[in-house]
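These values consider heavy atoms only, across backbone and side chains, with no hydrogens, waters or symmetry-generated copies.
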Amino acid sequence: MTATVLIKQFKKLPSRERRKVFAWMDHELMQREEERARKAAKTVLAKIAAGEPTTPWLQVKKEIGLR
């Protein structure tokens with residue numbers, strides 16, 4: 001299915017159905033973002049538990065010239 005065909009089918013839907021589709025898409029995107037955030041937090045906590053030093057954000061900003 002091409003994007004053009006999908007858009008045509010989407011336009012044929014009543015507005016209520018389109019809102020449902022958008023709500024579902026938003027929900028799925030939010031779940032994926034939350035999963036990525038959980039994985040990132042888990043990785044950081046594992047690094048801290050392993051004794052790796054953390055890098056302060058202020059130092060990072062200073063090194064790349066943002067501050």
> If you group Ile, Leu, Val, Met, Phe, Trp and Tyr whenever their side-chain heavy atoms sit less than 4.5 Å apart, what else falls in with Val44?
Ile48
> Taking only distance into account, with no hydrogens and no angle test, what donor-acceptor pairs under 3.5 Å do side-chain atoms of residues 17-25 form with protein atoms, sequence neighbours excluded?
from  : atom 1 : to    : atom 2 : distance (Å)
Glu17 : OE2    : Lys20 : NZ     : 3.4
Arg18 : NH1    : Lys11 : O      : 3.3
Arg18 : NH1    : Leu13 : O      : 2.7

> Side-chain contact, heavy-atom cut-off 4.5 Å: Gln9 with Lys12?
no
> To the closest 0.5 Å, what do you measure between CD (Gln31) and CZ (Arg36)?
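It is 12.0 Å, given to the nearest 0.5 Å.
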> Are the side chains of Glu63 and Gln59 in touch, meaning some heavy atoms are under 4.5 Å apart?
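They are in side-chain contact.
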> Is Arg38 salt-bridged to Glu35, cutoff N-O under 4.0 Å?
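Salt bridge between Arg38 and Glu35, a charged N being under 4.0 Å from a carboxylate O: yes.
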